[in-house]
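Keep in mind the model is a prediction, meaning the values are calculated, not measured. Counting starts at 1 for both ligands and their atoms, following the listed order.
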Amino acid sequence: MSQLNADLHCHSTVSDGMHPPADVVRRAHANGVQLLALTDHDTLDGIPAAQAAAAELGLPLITGVEISVSWQEDQTVHILGLNVDPQHPALRDGLAEVCRSRDGRGREMARQLERLGAPDPWAGALRHAGNPQLISRSHFARYLVDIGWMPNTRTVFEHYLRPGRPGYVEHAWASLETALAWIHGAGGVAVIAHPACYRLSRRAQEALYARFRELGGQGIEVVSGSQGVEAISRIAQVARRYGFLASRGSDFHGPGEGFELGRGPLLPPDLTPVWSLWGY
Ligand code: AMP
Ligand code: MN
Ligand code: MN
Ligand code: MN
């Protein structure tokens, strides 16, 4: 059913979202979401609390994770792993290693921001992190808003935290091959998150789609709160050309940062939704 109000991409305080997992689930339910996946960055630690809250409400929940991947020429792309076994050892161990590397990256980011004059940015970022095991640029961004460097996180990213800016730290994430091996090993389905957001040439985009499919990747986010509605028809064409299953997700982090849970256009009706794999 392509017209289901499914939201298969959102974040909790376990990564860089602003609400604890159970609150995210309750908010999704209140917004009319019919099928939900919590997809925190590089961690599955929010899944048990989300499952408990979803069971209480009778809201179907798909397990999920959004894995950070380094793809060609130091580009970062995000791959969702949906319906993964959250206990699968290779996936868990792999993600734990990514979180450790995030810690080192965050400390380097803190050093750079300190040189720019921010007082104790590491402690500042930690104050915004619901889970000290998962430090993200978002936590630094919120701290820099706190201390008045910029009016909002979007402008912090623009001036300090994106590639080429003074607080940006290059980082080697998992390879596409490794991330897909983790997802498939854990019985899950891989989905390219917000494909319209990457600064890739046409050629590099096609190479990503082709390699992803070659590795057994099946899905692409056609509707995403992060990429805007104008991308829908273009990405829907990609789904048709490559035979990808279509996904839909708000990429909700909190009020005022992007889309609300379960809001936004439904999938174009001719596409096969990724949730058809699970009988919805
Ligand atoms: P990280 O995984 O630590 O590199 O942080 C990436 C996260 O930063 C994304 O998942 C978004 O939540 C957030 N982010 C990236 N770019 C922006 C932006 N331009 N404005 C606001 N948040 C952003
Ligand atoms: Mn995020
Ligand atoms: Mn993302
Ligand atoms: Mn996301």
(Q) Would you say that more than 12 heavy atoms from the other residues, nucleotides or ligands in this model lie under 6.0 Å from the CZ of Arg154, or not? (A) no
Q: Go through the side-chain N and O atoms of His29 and Gln34 and say whether any donor and acceptor fall under 3.5 Å apart.
A: no
Q: Could you tell me whether Arg241 atom CZ has more than 12 heavy atoms of other residues or ligands within 6.0 Å of it?
A: yes
Q) So which protein N/O/S atoms does the Mn ion (ligand 4) have within less than 2.8 Å? A) His9 NE2, His11 NE2, Glu66 OE1, Asp251 OD1
Q: Give the name of the N/O/S atom in Asp16 that lies closest to the Mn ion (ligand 2).
A: OD2
Q) Does Leu61 belong to the same Ile/Leu/Val/Met/Phe/Trp/Tyr cluster as Val65, with side-chain heavy atoms less than 4.5 Å apart forming each link? A) no
**Q.** Connected-component partners of Leu266 among ILVMFWY, side-chain separation under 4.5 Å
**A.** none
Q. Less than 4.0 Å between a side-chain N and a carboxylate O, is that true for Arg240 and Asp270?
A. yes
